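Notes to accompany the following structure.
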Amino acid sequence: MDTYVPILALGLIAAAFAIFSVVIGSLTGPKRYNRAKLDSYECGIEPTPQPVGGGRFPVKYYLTAMLFIVFDIEIVFLYPWAVAFDALGWFGLAEMVLFVLTVLVAYAYVWRRGGLDWD
Amino acid sequence: MPPSTYAPVAATGVFTLTAWVVALPMIGAAILLLGGKRTNAWGHLLGCLAALGSFALGAVLFFSLLGKPGDARSYDQHVYTWIPVPGFSADAGFHLDQLSMTFVLLITGVGSLIHIYSVGYMAHDDNRRKFFAYLNLFLAAMLVLVLANNYLLLYAGWEGVGLASYLLIGFWQHKPSAAVAAKKAFIVNRVGDVGLSIAVMLMYTTFGGFAFTDVFNKAPGADRDTILGIGLMLLLGACAKSAQFPLQSWLLDAMEGPTPVSALIHAATMVTAGVYLIVRSHVIFDISPNARLLVTIVGAITLMMGAIIGCAKDDIKKALAGSTMSQIGYMVLGAGLGPIGYVFAIMHLVTHGFFKAGLFLGAGSVMHGMNDDVDMRHYGALRKYMPVTYVTFGLGYLAIIGCPPFSGFWSKDKIIEAAFAQGGTSGWVLGCTALLGALITAFYMTRVMLMTFFGEKRWVEDEQGHEAHPHESPKSMTIPMILLAVGSVFAGGLFSIGSSFANWLEPVTGRAEGHSPINTTVLSVITLVAVALGVGYAWRLYGTRTRPVPALAPAGSPLTRAARRDLYGDAFNEAAFMRTGQWLTRLLVYFDLRGVDGVVNGVAAGLGGSSSRFRRLQNGFVRSYALSMFGGAALLIAALLLVKA
Amino acid sequence: MPSILAASTAAASNTAPFTAPHVEWGKLSPMLIVLGAATMGVLVEAFAPRAARYRLQVGLTLLALAAAFAAVIALHDTPTSVAAAGAVAVDKTTLFFQGTILAISFIAVLVIAERRTEGGQDAFAAQGGSVPGSQQEREAVRAGWLTTEVYPLVLFSIGGMLLFPAANDLLTMFVALEVLSLPLYLVCGLARHRRLLSQEAALKYFLLGAFSSAFFLYGAALLYGYAGSVQLSNSDPHNPGIAQAVAAHAHGPALLYTGIALLGMGLLFKVGAAPFHMWTPDVYEGAPTPITGFMSAATKIAAFGALVRVLDVGLAGSVDVWRPVIEIVAILTMVVGGILALTQRNVKRMLAYSAILNAGYIIMALVSTGHDALASLLFFLPTYGIALVGSFAVVTLVRDAGGVEATDLSRWAGLGKSAPIPATLMSIFLLAFAGIPFTSIFVGKFAVFQAALAAGAPQLVIVAVLASAVAAFFYLRVIVVMFFSDPMPDGPTIANPSIAVKTALAVSALVTVAMGVAPAALLHLSNAAAVLAR
């Protein structure tokens with residue numbers, strides 16, 4: 001049972017953080033309302049009313065989102081590597097450099113081909 | 001005595017050239033067909049070279065074979081294994097022995113001459129290169145047929161010559177008659193091909209292999225009924241390819257092809273493939289007297305039919321085609337007689353190859369000079385205008401009617417003798433038929449000779465109004481004719497001196513002496529008398545000045561009218577197969593309309609209908625595809641769990 | 001929080017010290033070359049000037065494929081082994097599959113790279129991201145842009161295909177499946193003409209592919225639950241793989257059977273077996289034709305490689321369980337493919353259904369885990385694949401006005417007269433599909449039928465022969481239309497392709513005929529290659 005205690009603790013801490021943030025924000029933050037703030041908000045997209053024929057979502061949004069996920073996942077791999085860095089040694093370093101380079105290739109492509117330009 | 005076992009040895013040294021005999025014309029055909037128009041300028045020369053090269057190799061092999069003792073002249077060359085999967089193997093390999101050697105020399109020899117002849121004959125044809133490509137293709141296929149060391153490869157060659165024959169009969173496909181004739185030849189041959197393929201399959205299931213070694217060595221121990229079945233199926237194949245009754249109808253129409261084709265394929269070589277098949281499979285026929293009996297009956301019927309048809313035709317090529325049928329009938333008859341006849345069937349085949357090819361080339365030469373008119377009633381008195389053609393044709397004529405000492409005399413006489421030697425009633429019937437055939441042969445060939453070269457000029461203008469200007473053909477055409485005429489004169493005699501030909505073939509086919517009820521010398525005299533009667537009657541009808549040949553054919557007797565219509569061969573086919581086919585179709589449609597699907601239509605309609613029904617499932621919506629996949633996965637799970645439960 | 005860190009470091013220190021896994025770079029070199037070249041290709045896209053990209057990409061792709069093929073040849077007598085810590089099996093079968101995939105991909109890339117038939121442009125949209133029919137699209141076309149990303153994408157896909165039949169554990173196999181599939185989804189949507197149809201095909205392929213991947217993953221999870229390992233086979237007794245667990249009847253069979261069914265479904269989807277075939281015609285029709293040729297041939301080969309690996313290595317012990325199911329799938333696939341092809345009027349769709357039918361034949365070879373069955377499968381796949389690439393290459397040549405491919409069968413009327421060479425080549429391929437003797441597929445079919453008979457499945461052979469008879473009808477119908485109908489007055493034009501496509505066509509036709517006339521060498525090779533690392 002002892003081995004599950006840290007997981008339980010993690011869950012509790014996460015929940016506490018979330019509740020704390022929301023509560024402290026509503027207690028301490030200034031409250032100045034305007035129109036934009038009252039709009040319904042969904043990741044930068046106006047959900048209603050939808051344009052005729054379903055409309056089109058800006059494809060740039062997806063590009064940025066996907067790039068974010070790529071790097072997000074990269075981080076996911078970097079964390080355990082950092083934790084076990086000593087044990088993995090040079091082998092781990094080499095593998096991780098290879099991995100990061102591969103992601104960088106994709107990044108270079110996106111950058112050079114204008115995937116990061118909003119206009 | 002028949003050879004006890006069939007045990008060829010692996011080819012070494014010079015005998016490994018066997019594959020090249022086949023390869024040369026095959027390469028020639030490939031270059032000419034793939035090279036297209038680029039080869040137009042020299043294509044015909046390449047074709048001739050390929051044929052001549054093949055002949056030269058054949059000659060080398062022949063003399064090498066002669067250097068070996070008689071019973072050591074059997075070689076197998078393994079070329080490659082086609083499909084070596086477990087439990088089955090199909091090899092491509094060649095078998096060289098006295099029989100295949102004979103055919104190789106005949107095919108490449110006559111083939112080379114006809115290639116050379118065609119250079120002149122086809123000089124003005126735009127597609128001459130294609131013609132030579134097909135001729136080379138034919139040579140290659142025919143050589144595969146006779147050199148194969150197993151029935152599967154033999155079958156491949158068999159189909160190959162069928163294809164080449166189809167392409168060449170229909171070579172002038174702009175003429176509807178040629179296109180139809182080509183189709184007819186192809187379809188009739190399909191019937192025979194089915195027979196041969198069934199025979200090959202039966203061999204595989206019975207003997208466990210296609211190779212001659214398997215079949216010949218295991219046949220004596222096999223079930224007699226199976227052997228009979230194989231023999232009959234082989235005969236069916238032979239009938240179609242060799243234009244024997246009841247599959248004879250295509251040969252007369254096949255004369256729509258260019259004349260060199262008629263000479264090479266439809267007289268000298270391909271149509272004799274059936275005889276080769278029977279003689280090659282002699283082991284099967286040796287142990288099945290019933291199959292042999294049927295072979296002799298087919299041969300006898302065809303030799304009479306062909307002869308009668310030959311008497312009534314005014315088209316010179318069709319008259320010769322009837323004669324070809326008849327002569328092959330002799331060969332089939334000889335082959336059906338068994339060991340007493342095999343060697344003479346082949347000997348007649350070879351001599352016939354010479355004189356009939358010569359006669360056809362002569363006919364082609366005449367047509368060349370007569371604006372491609374084929375009607376003998378428009379000929380006459382040509383001997384003065386075409387002396388070389390006249391002499392060579394005349395020598396071929398003397399050979400075919402069996403005038404001593406020309407080739408035909410030696411070979412045909414022996415077959416008649418062997419037929420009598422069969423003994424019993426069948427011996428008398430077959431012998432007398434053969435004898436009567438000789439009489440009729442003499443009649444119709446004399447008729448052809450007289451109508452073409454003798455009598456008065458009966459020349460007419462052709463459709464464009466050109467007058468006929470008969471003239472001798474160019475050297476490239478006359479030289480092959482002269483060479484073939486030399487063969488027509490001497491081949492038979494050479495073969496018969498000291499029975500050299502019979503001794504040569506004996507190790508392959510075996511040989512037995514018959515006991516003729518009539519003394520052989522007396523029989524020869526009787527035969528000659530029959531021939532003389534035929535010649536005399538023809539002379540009385542066509543040769544005497546007092547009775548000129550009418551320009552229009554007289555009505556003639558019922559038999560003549562029947563013969564003009566190929567003894568109703570087509571009418572029979574039409575009535576027996578086409579009408580019944582149509583009637584069956586109509587019946588099916590009738591039942592179909594009544595709501596009961598006929599078997600054939602039903603299956604097709606059923607498949608088409610279910611196809612349309614299934615198609616509705618393919619509606620283009622991802623959601624239904626996903627549903628189908630989901631259902632499929634569910635079914636898979638259910639099936640797996642059920643299988644074990 | 002410190003307690004967590006402490007716990008994790010304690011856990012790390014409790015286990016044995018980490019030893020770096022041994023990676024056999026040499027044995028993995030074919031895959032590494034292709035994937036490395038694909039990565040290079042992405043860099044070329046990033047840094048090379050637009051004008052130079054096409055040449056660089058095509059050169060790089062062909063070079064990589066040739067180098068990888070050379071690596072396969074160099075590895076040909078490697079002893080059967082498992083590389084990369086048990087993830088990749090390097091045996092004769094793997095190498096045969098990899099060599100086949102590389103050779104066929106090489107020919108396919110020659111067709112993919114074709115620019116002459118389109119007047120200097122290739123078969124792909126000028127700019128994949130532009131909206132069909134928009135001003136942006138017109139500008140891209142006018143500027144002569146090319147979507148050269150196709151080449152690295154194809155290379156990535158080939159890399160996945162090379163790994164797919166080699167994967168010795170289910171996770172590696174899944175990664176390979178995704179690596180081969182994702183780029184294909186993309187390139188399917190990049191057709192230059194009829195872009196909406198192409199995009200629809202890509203989306204369908206993607207959705208259904210993702211759906212089937214999920215099934216595959218679920219099946220893998222269930223098998224892991226059953227065996228406690230994702231490795232197909234592991235001879236180490238302390239660390240048994242699935243094969244060992246099946247042999248030892250580790251647990252109750254429900255997990256195993258469900259796992260087999262779901263895993264099998266994921267793989268059967270890729271080969272286009274019924275009832276998971278429905279994407280095939282739509283995708284084959286919509287995708288750019290050179291890509292259709294490539295993926296129909298290469299993907300199928302790779303997927304059959306994976307099926308062989310799973311069934312013959314991992315699940316050989318439960319052959320009695322899955323064999324009846326495979327038989328049913330084979331029959332269903334042949335029936336559906338054969339019957340539906342009958343009413344197709346579109347050449348590409350007809351070929352798609354013919355691909356389903358042929359998948360059915362190949363599945364027949366899976367019913368036995370024996371050597372002969374595998375050998376027959378190994379013979380069938382390359383001969384079939386190369387004829388398929390060739391036939392789709394011919395389809396790219398027949399164009400209507402405006403450069404759109406004329407895929408409707410009626411448009412092919414009289415092609416034999418107006419364009420004898422393409423028509424003859426197509427006839428060769430179709431005759432091969434119909435299984436006419438002296439073509440490669442006749443021998444392949446013969447070997448497969450023989451193997452199925454030997455495995456005691458005559459019912460399959462009967463269905464297969466009947467299906468072949470039905471199939472002969474729709475194959476020969478195309479030949480009849482080409483050679484025995486009169487050409488249309490406004491018939492399609494025949495593009496004059498570059499020397500590369502001519503080479504591809506000539507090689508395909510030559511192999512198709514040569515392997516029918518003299519198949520012994522390939523039969524021997526496939527016989528020798530039918531060795532699996534178990």
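The structure presented is a predicted model; accordingly, all values stated were derived computationally and were not measured.
Using a 4.5 Å heavy-atom cutoff, the side chains of C:Phe206 and B:Val622 are not in contact.
Counting non-hydrogen atoms of neighbouring residues, nucleotides and ligands closer than 6.0 angstrom, the CZ atom of B:Phe186 exceeds 12 such neighbours. Atom CZ of B:Arg190 sits in a crowded spot, with more than 12 heavy atoms from other residues, nucleotides or ligands closer than 6.0 Å. C:Leu255 CG: more than 12 foreign heavy atoms inside a 6.0 Å radius. Surrounding NZ of C:Lys204 are more than 12 heavy atoms belonging to other residues, nucleotides or ligands, all under 6.0 Å away. For CZ of C:Phe483, the number of neighbouring non-hydrogen atoms (other residues, nucleotides, ligands) closer than 6.0 Å is greater than 12. Within a 6.0 Å radius of OH in B:Tyr166, no more than 12 heavy atoms belonging to other residues, nucleotides or ligands are found. Counting non-hydrogen atoms of other residues, nucleotides and ligands closer than 6.0 Å to CH2 of B:Trp20 gives a total of 12 or fewer.
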Item to check | C:Phe276/B:Leu636 under side chain to side chain contact (heavy atoms under 4.5 Å, CB included): CA gap, chis, key distance, verdict | outcome: CA-CA 11 Å; C:Phe276 316 112; B:Leu636 276 195; 3.9 Å; yes

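Interatomic distance, OG1 of C:Thr280 versus OH of B:Tyr625, reported as 9.5 Å (0.5 Å rounding). Taking CZ of B:Arg623 as the reference point, atom CG of C:Leu207 lies at 12.5 Å (rounded to 0.5 Å). One finds the CG atom of C:Leu256 at 8.5 Å from the CG atom of B:Leu640 (value rounded to the nearest 0.5 Å). Taken from CE in B:Met629 to CZ in C:Phe211, the straight-line distance is 5.5 Å, to the nearest 0.5 Å. We find the CE-CZ distance between C:Met278 and B:Phe621 to be 12.5 Å, quoted to the nearest 0.5 Å.
Per-residue heavy-atom pair counts under 4.5 Å with chain B were compared for C:Pro324, C:Ala451, C:Ala518, C:Ala454, and the maximum is reached by C:Ala518. Between chain B and the residues C:Phe438, C:Phe379, C:Trp322, C:Trp279, the most heavy-atom pairs under 4.5 angstrom are made by C:Phe438. Looking only at heavy-atom pairs under 4.5 Å with chain B, the residue among C:Ile328, C:Val325, C:Leu208 that has the most is C:Leu208.
With a 4.5 angstrom heavy-atom cutoff, C:Ser318 does not touch chain B via any of its atoms. Both the backbone and the side chain of C:Val517 come within contact range of chain B, judged by heavy atoms closer than 4.5 Å. Proximity to chain B (any heavy atom under 4.5 Å) is restricted, for C:Arg349, to the side chain, taken from C-beta onward.
The shortest heavy-atom contact between B:Ser628 and C:Pro275 is OG-O, 3.1 Å. Of all non-hydrogen atoms in B:Ile637 and C:Ala261, the two that sit nearest each other are CG1-CB, 3.4 Å.
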